[in-house]
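Input: a single structure, listed below in structure tokens.
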Amino acid sequence: MSNLPANLVASLADIKGFNKQAFEQVHVFGQQVTSIRVNPAKAVGTLSPTVAVSDEMPILAAEATNGQLEDANTDVGNTPIAYRGEPVPWCPHGCYLPQRPSFTFDPLFHAGTYYVQEASSMFLWEVLRQTVGSQTDGLKVLDLCAAPGGKSTLLASYFSDGLVVANEVIRNRAAVLAENITKWGCANTVVTNSDPKNFAALGGYFDVMVVDAPCSGSGLFRKDADAIAEWSEGNVLLCSQRQQRILADAYGALKNNGVLIYSTCSYSKEEDEDITAWVCEELGAETVRLRIDAAWGIVEVGDDGSKAYGYRFYPYLLQGEGFFIAAFVKRGGVEAQHRVQVLQKTTKEETAAIEPFVNSREELFYFRQAENIIAVPARWKNDVAILQKHLYLRKAGVTLGELKGRDMVPNHELAVSLLNSSNVAQIPLSLQQAIQYLQKKDVELSNLPRGWALATYEGINLGWVKVLPNRINNYYPVEWRILKNTQPISLALRHKSNIFNWL
Ligand code: SAM
């Protein structure tokens, strides 16, 4: 017997792909699926069945060490990182891990080298591939319900030459979103903390809008047992009303011919098919039919003459959690004209103090906000001003640092961004040292040149240190430090030969 809500199970009886017995079994006996999505800007190599990872390359692996930390540096040095594991079929950077390691004690996790994301959600990549395609240059993208940032980091990777606005209405969740976006390192991202209705003033602004709506969460029952107790028919109804409201409020911000992607982690028709039909009927959007490889196990709905196509993910048909996604194209709508006050450029002296720290292939625009100097790609400077006029900006681009007199005090955002200059000194840390650094403890290091330097692990930046004559100051942000003190399992980089039988 499962403890699944009987009313939920009964309500799904007639939905395509639903199998009561398999559904109940997967919640009782189902394996836990762990997957990560690699940051292509930080980690070398992608995962796809056609891209082989060479035997000599290090592999991300979890290895039980009975509480003893091992020094991964002695094995692999600063070789670029590649990940080996079974690929997620619909996302080139997605990878299943054979078991759930202790991500907390993997420095590469804190450095934004990968994001721990549920595999079904990564299907967003394939939806973008089929709707937007590869011409992403200059596109403006909104992730309306974005915290903690799983879809936003995927969007930042997909639209590396576009502008990604990640919005979260709840303040403390917006802080988590900003942290994850910061770690991902892309300068072409803006984090906002606004209500969906504030986006209407941006009339026809975005080329792509993702609405990963707050929902009743039944798709995550396997991962979150509390969600089972919290589920109710009343909440499904409330969620479905809120989903309509969010879509109606923000739809005006999408361009004519723009792409709308709607998703939930709920199985309920009221939050899935009923909403997608409503989007077509009430908002006038055009449904998009996707090509689905039969081997993926994804169930298409809407091929029975309904108003909209949608794609259901059942955990007994694929390696992933319950998920629903649908794509639309907007037809019609007007584009607002925006007159903005241009952002105030930094002075020559300020720019001279910053530049030794920064390296970017793309032209950057530097501006001041209070004491901080911020960098955004120059092509987006007016857009940042437009967004600032209508929304509450939690973060835009990369905060480079603060000027104290003529000296630059670099910001952590710069350390983990992709804008770092290779002229800045680097201090490679062992796994044990890296964890101490991330715990904001003192790290014992000797014979280092004085001044600012980047603490690195496996060639990836972790954060700043300042080497003084008699000590080393650890500048890792206190609010992000690792609080746990024990390491039941350490995540280490290993040569394939070491973990071959384990994988
Ligand atoms: N897209 C996220 C990801 O992939 O990591 C997950 C988003 S979660 C399903 C839905 C988000 O919507 C939550 O962060 C929640 O705080 C936010 N939310 C809640 N009420 C909202 C509202 N009325 N309008 C917009 N967003 C809302």
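Order of listing sets the numbers, starting from 1, for every ligand and every atom in it. Reckoned from all heavy atoms, side chains included, excluding hydrogens, waters and symmetry mates.
With R222 as reference, E321 is the one residue of E118, E321, E24 to meet the salt bridge (Lys or Arg N to Asp or Glu O under 4.0 Å) rule.
By the 3.5 Å distance cut-off applied to N or O atoms, P196 is not counted among the residues near ligand 1. In terms of polar-atom proximity, defined here as any N/O pair under 3.5 Å, V169 makes no such contact with ligand 1. Considering backbone and side-chain atoms alike, I170 places every N or O at 3.5 Å or more from each N or O of ligand 1. Of the polar atoms of I246, none of the N or O atoms is found under 3.5 Å from an N or O of ligand 1, judged by distance alone. Polar contact check, R245 against ligand 1: no nitrogen or oxygen pair lies under 3.5 Å apart. Residue R173 has at least one nitrogen or oxygen atom sitting less than 3.5 Å from a nitrogen or oxygen atom of ligand 1, judged on distance alone. Some N or O of E168 is nearer than 3.5 Å to an N or O of ligand 1, by distance alone. Backbone and side-chain nitrogen or oxygen atoms of D143 are examined, and none is located within less than 3.5 angstrom of a nitrogen or oxygen of ligand 1.
Nearest protein neighbour of atom 5 (O) of ligand 1, counting heavy atoms only, is G150 N, 2.9 Å. When only non-hydrogen protein atoms are considered, atom 6 (C) of ligand 1 lies nearest to A147 O, 3.1 Å. Residue, atom and distance of the protein heavy atom nearest to atom 10 (C) of ligand 1 are D212 O, 3.5 Å. Remark: minimum distance from atom 12 (O) of ligand 1 to any protein heavy atom is reached at C145 CB, 3.4 Å. At the top of the distance list for atom 18 (N) of ligand 1, counting protein heavy atoms only, stands P214 CG, 3.7 Å.
Aromatic ring pairs are classed by plane angle as parallel below 30°, tilted from 30° to 60° and perpendicular above 60°; the pair F109 and Y114 is tilted.
In this structure, N420 contributes its side chain and L414 its backbone to a donor-acceptor pair below 3.5 Å.
A cation-pi arrangement is absent between K440 and W480 under the rule of less than 6.0 angstrom and at most 45 degrees off the ring axis. Remark: K381 is positioned above the aromatic ring of F365, its terminal NZ or CZ atom under 6.0 angstrom from the ring centre and at most 45 degrees off the axis.
From F23, atom CZ reaches atom CG of L4 across 5.5 Å, with rounding to the nearest 0.5 Å.
Residues E413 and K395 are paired through a salt bridge, judged by an N-O separation under 4.0 Å between the basic side chain and the carboxylate.
Residue pairs that meet the side chain to side chain donor-acceptor pair (under 3.5 Å) test with at least one member in residues 246-256, sequence neighbours left out, are D207-K255.
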Review item, side-chain donor-acceptor pairs of residues 11-20, under 3.5 Å, at least two apart:
from: S11; atom 1: OG; to: N7; atom 2: O; distance (Å): 3.4
from: S11; atom 1: OG; to: L8; atom 2: O; distance (Å): 2.7
from: K16; atom 1: NZ; to: E300; atom 2: O; distance (Å): 2.8
from: K16; atom 1: NZ; to: D303; atom 2: OD1; distance (Å): 3.3
from: K16; atom 1: NZ; to: D303; atom 2: OD2; distance (Å): 2.8
from: N19; atom 1: OD1; to: Q21; atom 2: N; distance (Å): 3.1
from: N19; atom 1: OD1; to: A22; atom 2: N; distance (Å): 3.0

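Not close to ligand 1: C215, with no non-hydrogen atom less than 4.0 angstrom away.
Residue-ligand proximity, R242 to ligand 1, at heavy-atom distances under 4.0 Å covers atoms 23 (N).
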